[in-house]
Amino acid sequence: MTGSRPTSSPLDALRPAAFGADPSGERMARIRRSPNFADGVFTNPVGAERTPSAAMLKFLPTYFRTEQRARRAPGGTVPVHPTTVADLAVPAASGLRLTWMGHSSVLAEIDGARVLFDPVWSERCSPFAFAGPKRLHPVPVPLRETGPVDAVVISHDHYDHLDMATVRALSRGTGAHFVVPLGVGAHLEHWGVPADRITELDWHESARIAGLSFTATPARHFCGRALRNTQHTLWASWVVVGSEHRIFHSGDTGYFPGFADIGAQYGPFDATMIQIGAYSEFWPDIHMTPAEGMQAHADLQGDAARGAMLPIHWGTFNLAPHPWEEPAEDSVAAAARHGARIATPRPGQPFEPAGSLPADPWWRSVAVRPAQGAPERPAAPAAAPAAVQEVSLRA
(Lines give C-alpha, C1' and ligand atoms only; values in the text may rest on other atoms or scores of the structure.)
Protein backbone atom coordinates (compact mmCIF):
# COMPACT_ATOMS: atom_id res chain seq x y z
CA MET A 1 0.00 0.00 0.00
CA THR A 2 1.38 3.38 -0.92
CA GLY A 3 0.79 6.83 0.49
CA SER A 4 2.18 6.03 3.92
CA ARG A 5 4.52 8.97 4.37
CA PRO A 6 3.14 12.04 6.13
CA THR A 7 3.66 15.52 4.79
CA SER A 8 7.22 16.59 5.59
CA SER A 9 8.01 19.33 8.06
CA PRO A 10 11.22 20.85 9.51
CA LEU A 11 10.77 18.62 12.57
CA ASP A 12 11.04 15.43 10.49
CA ALA A 13 14.82 15.75 10.38
CA LEU A 14 14.90 15.55 14.20
CA ARG A 15 12.68 12.46 14.39
CA PRO A 16 14.69 9.26 15.02
CA ALA A 17 14.26 6.72 12.22
CA ALA A 18 13.29 4.09 14.80
CA PHE A 19 10.14 6.08 15.61
CA GLY A 20 8.85 4.96 12.23
CA ALA A 21 6.19 6.86 10.32
CA ASP A 22 2.58 7.79 10.87
CA PRO A 23 0.01 6.34 8.46
CA SER A 24 -1.33 8.74 5.85
CA GLY A 25 -2.92 8.83 2.40
CA GLU A 26 -4.64 5.63 1.25
CA ARG A 27 -3.43 3.76 4.31
CA MET A 28 -5.03 6.28 6.69
CA ALA A 29 -8.23 6.23 4.65
CA ARG A 30 -8.43 2.46 5.10
CA ILE A 31 -7.79 2.85 8.83
CA ARG A 32 -10.70 5.28 9.12
CA ARG A 33 -12.98 2.71 7.45
CA SER A 34 -12.05 0.01 9.98
CA PRO A 35 -14.89 -1.13 12.25
CA ASN A 36 -12.30 -1.10 15.06
CA PHE A 37 -11.48 2.60 14.60
CA ALA A 38 -13.69 5.11 16.40
CA ASP A 39 -13.34 8.75 17.45
CA GLY A 40 -9.94 8.99 15.81
CA VAL A 41 -8.27 5.95 17.45
CA PHE A 42 -8.22 2.18 17.31
CA THR A 43 -10.28 0.67 20.12
CA ASN A 44 -10.06 -2.50 22.21
CA PRO A 45 -12.57 -5.38 22.13
CA VAL A 46 -12.98 -4.74 25.87
CA GLY A 47 -12.08 -1.29 27.12
CA ALA A 48 -9.04 -0.75 29.33
CA GLU A 49 -9.85 1.02 32.59
CA ARG A 50 -6.33 2.39 33.11
CA THR A 51 -4.25 4.21 30.53
CA PRO A 52 -0.62 3.05 30.07
CA SER A 53 0.76 6.53 30.76
CA ALA A 54 -1.04 6.84 34.08
CA ALA A 55 0.07 3.33 35.04
CA MET A 56 3.72 4.14 34.37
CA LEU A 57 3.61 7.17 36.66
CA LYS A 58 2.46 4.93 39.51
CA PHE A 59 4.99 2.22 38.63
CA LEU A 60 8.12 4.40 38.57
CA PRO A 61 8.55 4.73 42.38
CA THR A 62 8.74 0.92 42.68
CA TYR A 63 11.32 0.64 39.92
CA PHE A 64 14.22 1.84 42.08
CA ARG A 65 13.64 -0.34 45.15
CA THR A 66 16.89 -2.26 45.58
CA GLU A 67 15.53 -5.70 46.53
CA GLN A 68 12.90 -5.70 43.80
CA ARG A 69 15.35 -4.48 41.15
CA ALA A 70 17.74 -7.32 41.95
CA ARG A 71 15.02 -9.92 41.53
CA ARG A 72 13.87 -8.57 38.17
CA ALA A 73 16.96 -10.00 36.48
CA PRO A 74 18.66 -13.41 36.60
CA GLY A 75 21.45 -13.83 39.09
CA GLY A 76 23.57 -15.90 36.72
CA THR A 77 24.04 -16.69 33.06
CA VAL A 78 20.85 -17.77 31.30
CA PRO A 79 21.52 -21.21 29.75
CA VAL A 80 20.85 -20.53 26.07
CA HIS A 81 20.44 -23.68 23.99
CA PRO A 82 23.29 -24.22 21.48
CA THR A 83 21.10 -24.55 18.39
CA THR A 84 23.02 -24.72 15.11
CA VAL A 85 22.26 -24.09 11.47
CA ALA A 86 22.31 -27.86 10.94
CA ASP A 87 19.66 -28.37 13.66
CA LEU A 88 17.27 -25.96 11.97
CA ALA A 89 18.00 -27.38 8.51
CA VAL A 90 16.54 -30.79 9.39
CA PRO A 91 12.78 -30.78 8.60
CA ALA A 92 10.41 -31.24 11.52
CA ALA A 93 9.32 -34.88 11.64
CA SER A 94 5.76 -33.93 12.58
CA GLY A 95 5.53 -30.94 10.24
CA LEU A 96 5.45 -28.44 13.12
CA ARG A 97 8.41 -27.19 15.15
CA LEU A 98 8.75 -24.10 17.34
CA THR A 99 11.94 -22.38 18.48
CA TRP A 100 11.53 -19.70 21.16
CA MET A 101 14.28 -17.14 20.60
CA GLY A 102 13.42 -15.19 23.76
CA HIS A 103 10.68 -12.71 24.67
CA SER A 104 7.97 -12.97 21.98
CA SER A 105 10.27 -13.98 19.11
CA VAL A 106 9.44 -17.45 17.82
CA LEU A 107 10.52 -19.29 14.69
CA ALA A 108 7.65 -21.53 13.61
CA GLU A 109 8.27 -24.21 11.00
CA ILE A 110 4.83 -25.26 9.87
CA ASP A 111 3.88 -27.55 6.98
CA GLY A 112 6.93 -26.72 4.90
CA ALA A 113 7.00 -22.94 5.53
CA ARG A 114 9.00 -20.87 8.02
CA VAL A 115 7.46 -17.99 9.96
CA LEU A 116 9.17 -15.55 12.34
CA PHE A 117 6.89 -13.97 14.94
CA ASP A 118 7.87 -10.60 16.47
CA PRO A 119 11.60 -10.92 15.72
CA VAL A 120 13.78 -8.71 17.93
CA TRP A 121 17.50 -9.39 17.52
CA SER A 122 18.83 -6.05 18.80
CA GLU A 123 20.65 -5.63 22.10
CA ARG A 124 17.98 -3.23 23.40
CA CYS A 125 14.24 -2.88 22.79
CA SER A 126 14.45 0.87 22.40
CA PRO A 127 14.70 3.57 19.74
CA PHE A 128 18.21 4.28 21.03
CA ALA A 129 21.30 2.04 21.04
CA PHE A 130 22.58 3.60 24.29
CA ALA A 131 19.46 3.44 26.47
CA GLY A 132 16.44 1.31 27.15
CA PRO A 133 15.83 -2.26 28.34
CA LYS A 134 18.86 -4.42 27.55
CA ARG A 135 18.95 -8.13 26.84
CA LEU A 136 19.29 -10.45 29.82
CA HIS A 137 20.62 -13.22 27.60
CA PRO A 138 22.25 -13.27 24.16
CA VAL A 139 20.32 -14.03 20.98
CA PRO A 140 20.33 -17.84 20.74
CA VAL A 141 20.82 -17.99 16.97
CA PRO A 142 22.30 -15.26 14.73
CA LEU A 143 19.63 -13.92 12.40
CA ARG A 144 21.51 -15.02 9.29
CA GLU A 145 21.63 -18.59 10.63
CA THR A 146 17.89 -19.05 11.19
CA GLY A 147 17.59 -20.22 7.59
CA PRO A 148 15.18 -19.05 4.90
CA VAL A 149 12.13 -17.18 6.17
CA ASP A 150 8.87 -17.12 4.22
CA ALA A 151 6.90 -14.71 6.39
CA VAL A 152 7.54 -12.28 9.24
CA VAL A 153 4.52 -11.66 11.47
CA ILE A 154 4.34 -8.57 13.70
CA SER A 155 1.77 -8.31 16.50
CA HIS A 156 2.06 -4.54 17.11
CA ASP A 157 4.52 -1.67 16.91
CA HIS A 158 6.04 -1.54 20.41
CA TYR A 159 9.85 -1.75 20.48
CA ASP A 160 10.01 -5.18 22.08
CA HIS A 161 7.98 -6.58 19.16
CA LEU A 162 8.89 -4.42 16.17
CA ASP A 163 12.63 -3.79 15.90
CA MET A 164 13.90 -1.54 13.11
CA ALA A 165 17.35 -3.15 12.79
CA THR A 166 15.89 -6.65 12.62
CA VAL A 167 13.27 -5.61 10.07
CA ARG A 168 15.91 -4.00 7.86
CA ALA A 169 18.15 -7.06 8.08
CA LEU A 170 15.30 -9.39 7.17
CA SER A 171 14.20 -7.14 4.34
CA ARG A 172 17.69 -7.09 2.84
CA GLY A 173 18.75 -10.64 3.60
CA THR A 174 15.62 -12.64 2.84
CA GLY A 175 12.67 -12.57 0.50
CA ALA A 176 10.31 -12.76 3.45
CA HIS A 177 6.85 -11.24 3.23
CA PHE A 178 5.79 -9.08 6.18
CA VAL A 179 2.31 -9.66 7.62
CA VAL A 180 1.28 -6.91 10.03
CA PRO A 181 -1.76 -5.26 11.64
CA LEU A 182 -3.43 -2.37 9.85
CA GLY A 183 -1.24 0.77 9.86
CA VAL A 184 2.03 -0.92 10.86
CA GLY A 185 3.09 -1.01 7.22
CA ALA A 186 3.84 2.72 7.45
CA HIS A 187 6.80 1.94 9.72
CA LEU A 188 8.08 -0.80 7.43
CA GLU A 189 7.93 1.32 4.28
CA HIS A 190 9.71 4.12 6.15
CA TRP A 191 12.54 1.64 6.85
CA GLY A 192 12.82 0.52 3.25
CA VAL A 193 10.65 -2.59 3.05
CA PRO A 194 9.09 -2.71 -0.45
CA ALA A 195 5.34 -2.12 -0.39
CA ASP A 196 4.68 -5.29 -2.40
CA ARG A 197 6.23 -7.35 0.43
CA ILE A 198 3.85 -5.96 3.08
CA THR A 199 0.36 -7.22 3.84
CA GLU A 200 -1.69 -5.27 6.39
CA LEU A 201 -4.75 -6.86 7.95
CA ASP A 202 -7.59 -5.71 10.16
CA TRP A 203 -9.05 -8.09 12.74
CA HIS A 204 -10.63 -11.14 11.09
CA GLU A 205 -9.05 -10.40 7.73
CA SER A 206 -6.91 -13.14 6.19
CA ALA A 207 -4.18 -13.49 3.58
CA ARG A 208 -2.54 -16.50 1.98
CA ILE A 209 1.27 -16.49 1.81
CA ALA A 210 3.73 -19.35 1.21
CA GLY A 211 0.94 -21.92 1.39
CA LEU A 212 -0.25 -20.68 4.78
CA SER A 213 -3.31 -18.71 5.86
CA PHE A 214 -2.62 -15.73 8.15
CA THR A 215 -5.52 -14.18 10.08
CA ALA A 216 -5.31 -11.15 12.36
CA THR A 217 -7.47 -11.69 15.44
CA PRO A 218 -8.39 -9.35 18.31
CA ALA A 219 -6.15 -8.49 21.24
CA ARG A 220 -6.54 -6.09 24.17
CA HIS A 221 -3.57 -3.76 24.08
CA PHE A 222 -2.42 -0.45 22.55
CA CYS A 223 0.23 0.88 20.17
CA GLY A 224 2.80 3.65 19.73
CA ARG A 225 6.50 4.32 19.20
CA ALA A 226 6.94 8.09 19.21
CA LEU A 227 6.30 10.81 21.78
CA ARG A 228 2.99 11.62 20.11
CA ASN A 229 0.98 8.41 20.46
CA THR A 230 -1.80 8.68 17.89
CA GLN A 231 -3.17 5.10 18.25
CA HIS A 232 -3.31 4.87 14.46
CA THR A 233 -1.73 1.42 14.20
CA LEU A 234 -3.62 -1.70 15.17
CA TRP A 235 -2.47 -4.47 17.54
CA ALA A 236 -3.39 -8.11 16.94
CA SER A 237 -3.04 -11.73 17.87
CA TRP A 238 -2.45 -14.12 14.97
CA VAL A 239 -3.79 -17.41 13.66
CA VAL A 240 -1.59 -19.26 11.15
CA VAL A 241 -2.98 -22.32 9.40
CA GLY A 242 -1.13 -24.74 7.15
CA SER A 243 -2.24 -27.87 5.35
CA GLU A 244 -1.98 -29.95 8.54
CA HIS A 245 -1.43 -27.63 11.52
CA ARG A 246 -2.85 -24.56 13.25
CA ILE A 247 -0.97 -22.24 15.60
CA PHE A 248 -1.82 -19.10 17.57
CA HIS A 249 0.42 -16.22 18.71
CA SER A 250 -1.13 -13.86 21.26
CA GLY A 251 1.11 -10.82 20.81
CA ASP A 252 0.57 -8.60 23.86
CA THR A 253 -2.89 -8.59 25.36
CA GLY A 254 -4.93 -8.35 28.49
CA TYR A 255 -7.32 -11.21 29.18
CA PHE A 256 -10.76 -10.85 27.60
CA PRO A 257 -13.65 -13.20 26.72
CA GLY A 258 -12.81 -13.08 23.02
CA PHE A 259 -10.26 -15.89 23.29
CA ALA A 260 -13.09 -18.42 23.35
CA ASP A 261 -14.56 -16.84 20.23
CA ILE A 262 -11.19 -17.02 18.45
CA GLY A 263 -10.87 -20.68 19.41
CA ALA A 264 -14.37 -21.50 18.23
CA GLN A 265 -13.88 -19.74 14.88
CA TYR A 266 -10.27 -20.66 14.05
CA GLY A 267 -9.16 -23.44 16.39
CA PRO A 268 -8.44 -25.84 17.85
CA PHE A 269 -4.67 -25.30 17.76
CA ASP A 270 -1.72 -27.65 17.74
CA ALA A 271 0.21 -25.01 19.67
CA THR A 272 -0.40 -21.62 21.22
CA MET A 273 2.24 -19.01 22.04
CA ILE A 274 0.84 -16.96 24.90
CA GLN A 275 2.08 -13.79 26.64
CA ILE A 276 2.58 -14.51 30.35
CA GLY A 277 5.22 -11.95 31.40
CA ALA A 278 5.65 -8.21 32.01
CA TYR A 279 2.36 -8.02 33.90
CA SER A 280 1.63 -5.74 36.83
CA GLU A 281 -1.20 -4.55 39.03
CA PHE A 282 -0.47 -1.14 37.49
CA TRP A 283 -1.55 -2.27 33.99
CA PRO A 284 -3.86 -5.29 34.44
CA ASP A 285 -5.91 -4.56 31.32
CA ILE A 286 -3.14 -4.83 28.71
CA HIS A 287 -0.88 -7.74 29.83
CA MET A 288 -1.92 -11.14 31.17
CA THR A 289 -0.65 -12.85 34.28
CA PRO A 290 0.44 -16.50 33.90
CA ALA A 291 -2.90 -17.67 35.32
CA GLU A 292 -4.76 -15.52 32.80
CA GLY A 293 -2.49 -16.70 30.00
CA MET A 294 -3.24 -20.33 30.80
CA GLN A 295 -6.95 -19.52 30.94
CA ALA A 296 -6.63 -17.90 27.51
CA HIS A 297 -4.97 -21.09 26.22
CA ALA A 298 -7.83 -23.15 27.65
CA ASP A 299 -10.40 -20.81 26.09
CA LEU A 300 -8.69 -21.05 22.71
CA GLN A 301 -8.62 -24.85 22.79
CA GLY A 302 -12.16 -25.45 24.03
CA ASP A 303 -12.91 -29.16 24.46
CA ALA A 304 -11.67 -30.34 21.08
CA ALA A 305 -7.85 -30.33 21.27
CA ARG A 306 -4.88 -31.03 23.48
CA GLY A 307 -2.41 -28.63 21.91
CA ALA A 308 0.75 -27.44 23.64
CA MET A 309 1.18 -24.00 25.19
CA LEU A 310 4.49 -22.09 24.86
CA PRO A 311 4.82 -19.23 27.37
CA ILE A 312 6.30 -16.12 25.73
CA HIS A 313 7.08 -12.48 26.61
CA TRP A 314 9.32 -13.23 29.56
CA GLY A 315 12.96 -13.85 30.45
CA THR A 316 14.69 -11.56 27.92
CA PHE A 317 13.96 -7.95 28.91
CA ASN A 318 13.22 -6.36 32.29
CA LEU A 319 9.87 -4.65 31.63
CA ALA A 320 7.84 -5.10 34.84
CA PRO A 321 8.18 -5.24 38.65
CA HIS A 322 7.70 -8.98 39.11
CA PRO A 323 10.64 -11.32 39.82
CA TRP A 324 12.39 -12.54 36.67
CA GLU A 325 11.49 -16.22 37.08
CA GLU A 326 7.94 -15.71 38.32
CA PRO A 327 6.20 -15.98 34.90
CA ALA A 328 7.73 -19.40 34.30
CA GLU A 329 7.01 -20.70 37.80
CA ASP A 330 3.42 -19.51 37.78
CA SER A 331 2.81 -20.80 34.25
CA VAL A 332 3.96 -24.29 35.23
CA ALA A 333 1.68 -24.16 38.27
CA ALA A 334 -1.26 -22.96 36.17
CA ALA A 335 -0.66 -25.71 33.62
CA ALA A 336 -0.76 -28.31 36.37
CA ARG A 337 -4.10 -26.95 37.60
CA HIS A 338 -5.55 -27.11 34.09
CA GLY A 339 -3.99 -30.42 33.14
CA ALA A 340 -2.42 -28.59 30.19
CA ARG A 341 0.58 -29.52 28.08
CA ILE A 342 3.16 -26.76 28.56
CA ALA A 343 6.58 -26.36 26.96
CA THR A 344 9.34 -24.55 28.86
CA PRO A 345 12.32 -24.61 26.48
CA ARG A 346 15.54 -22.75 27.01
CA PRO A 347 15.94 -19.84 24.59
CA GLY A 348 16.86 -21.30 21.22
CA GLN A 349 15.73 -24.87 21.97
CA PRO A 350 13.60 -26.28 19.11
CA PHE A 351 10.76 -28.66 19.95
CA GLU A 352 7.83 -30.30 18.20
CA PRO A 353 4.49 -29.80 19.98
CA ALA A 354 3.34 -33.26 18.91
CA GLY A 355 6.23 -34.92 20.73
CA SER A 356 7.78 -34.82 24.17
CA LEU A 357 7.79 -31.25 25.45
CA PRO A 358 10.82 -29.58 27.09
CA ALA A 359 10.02 -29.41 30.79
CA ASP A 360 13.31 -28.69 32.59
CA PRO A 361 12.85 -25.80 35.07
CA TRP A 362 16.18 -24.34 33.94
CA TRP A 363 15.40 -20.84 35.25
CA ARG A 364 15.61 -21.96 38.89
CA SER A 365 19.38 -22.33 38.74
CA VAL A 366 19.91 -18.66 37.87
CA ALA A 367 17.01 -16.92 39.65
CA VAL A 368 17.82 -14.47 42.45
CA ARG A 369 16.37 -15.73 45.72
CA PRO A 370 14.73 -13.32 48.21
CA ALA A 371 16.97 -11.70 50.81
CA GLN A 372 17.12 -13.36 54.23
CA GLY A 373 13.94 -12.64 56.13
CA ALA A 374 11.94 -11.83 53.02
CA PRO A 375 8.95 -14.08 52.31
CA GLU A 376 9.76 -16.88 49.87
CA ARG A 377 7.22 -17.74 47.21
CA PRO A 378 6.07 -21.36 47.34
CA ALA A 379 7.80 -23.43 44.66
CA ALA A 380 5.66 -24.28 41.67
CA PRO A 381 5.17 -27.98 41.09
CA ALA A 382 7.47 -29.55 38.55
CA ALA A 383 6.11 -29.99 35.04
CA ALA A 384 3.94 -33.06 34.76
CA PRO A 385 5.26 -36.05 32.83
CA ALA A 386 4.19 -36.24 29.20
CA ALA A 387 1.50 -38.82 29.95
CA VAL A 388 -0.06 -36.60 32.59
CA GLN A 389 0.24 -33.52 30.38
CA GLU A 390 -2.10 -35.15 27.87
CA VAL A 391 -5.06 -34.61 30.25
CA SER A 392 -7.71 -32.54 28.52
CA LEU A 393 -8.14 -28.84 29.19
CA ARG A 394 -11.14 -27.43 30.94
CA ALA A 395 -11.88 -23.71 30.92
Side-chain angles (χ1 to χ4, degrees), residues 45 92-100 104 106 108-113 115 117 151 153 155 179 201 203-208 211-220 236-251 253 255-276 288 290-313 331-332 334-345 351-359 383-384 386-395:
S94 65
L96 176 62
R97 180 167 59 202
L98 303 179
T99 306
W100 178 55
S104 293
V106 181
E109 300 165 84
I110 172 172
D111 299 334
V115 180
F117 289 94
V153 175
S155 63
V179 190
L201 299 177
W203 291 342
H204 300 296
E205 291 183 341
S206 300
R208 193 157 188 85
L212 303 175
S213 171
F214 295 81
T215 303
T217 44
R220 191 185 186 198
S237 55
W238 288 93
V239 171
V240 179
V241 180
S243 57
E244 301 292 334
H245 296 92
R246 294 171 178 263
I247 57 178
F248 174 86
H249 188 284
S250 72
T253 179
Y255 181 79
F256 70 109
F259 289 114
D261 297 330
I262 294 170
Q265 186 168 354
Y266 302 106
F269 300 99
D270 297 284
T272 66
M273 297 158 272
I274 306 289
Q275 173 262 305
I276 52 82
M288 292 189 291
E292 290 171 328
M294 187 55 65
Q295 184 62 56
H297 171 76
D299 292 350
L300 288 160
Q301 296 297 72
D303 293 326
R306 314 296 185 262
M309 188 269 221
L310 170 64
I312 60 172
H313 205 264
S331 292
V332 169
R337 291 193 298 271
H338 279 267
R341 299 181 67 234
I342 186 172
T344 56
F351 72 94
E352 299 192 29
S356 178
L357 301 180
V388 177
Q389 291 176 342
E390 295 290 345
V391 177
S392 64
L393 291 172
R394 290 293 182 268

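Since we're looking at a predicted model, the values are computed, not measured.
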What is the minimum heavy-atom distance between S237 and S250, and which atoms define it?
CB-O, 3.5 Å
Between A108 and F117 the two heavy atoms that sit nearest each other are CB-CE1, 3.8 Å
Is any side-chain heavy atom of W238 closer than 4.5 Å to one of L201?
yes
Residue pair P268 / R246: nearest heavy atoms and the distance that separates them
O-CD, 3.4 Å
Side-chain donor/acceptor of Q301 to backbone N/O of F269, under 3.5 Å
yes
For L357 versus R341, what's the shortest heavy-atom pair and its separation?
CG-NH2, 3.4 Å
Rounded to the nearest 0.5 Å, how far apart are NE2 of H249 and CZ of F214?
12.5 Å
Mark yes or no for whether D111, through its side chain, and H245, through its backbone, hold a donor-acceptor pair below 3.5 Å.
yes
Rounded distance [0.5 Å steps], CE in M273 versus CD1 in I247
4.0 Å
Min side-chain heavy-atom separation Y255-R220 under 4.5 Å
no
Do H297 and H338 make a side-chain contact, defined as non-hydrogen atoms from C-beta onward lying under 4.5 Å apart?
no
Determine, step by step, whether M288 and I274 satisfy the side chain to side chain contact (heavy atoms under 4.5 Å, CB included) criterion, reporting the C-alpha distance in whole Å, the side-chain angles of both residues, the deciding distance to 0.1 Å, and the verdict.
CA-CA 9 Å; M288 292 189 291; I274 306 289; 3.6 Å; yes
Within-4.5 Å side-chain heavy-atom neighbours: I262 and L300:
yes
Ignoring hydrogens, what is the shortest heavy-atom contact between A334 and A291? Give both atom names and the distance.
CB-CA, 4.3 Å
I need the T99 OG1 to E352 CD distance, nearest 0.5 Å.
9.5 Å
Working to the nearest 0.5 angstrom, can you tell me the gap between E109 CD and R97 CZ?
4.0 Å
From D299 atom CG to E292 atom CD, the distance as rounded to the nearest 0.5 Å
11.0 Å
4.5 Å side-chain heavy-atom contact, P345 and L310
yes
Do you know which two heavy atoms are closest between P353 and D270, and how far apart they sit?
CB-O, 3.8 Å
Just so I know, are the side chains of L96 and E244 near enough to count as touching, which here means a heavy-atom distance under 4.5 Å?
no
So, taking the atom named OH in Y266 and the one named OG in S206, what distance separates them when rounded to the nearest 0.5 Å?
5.5 Å
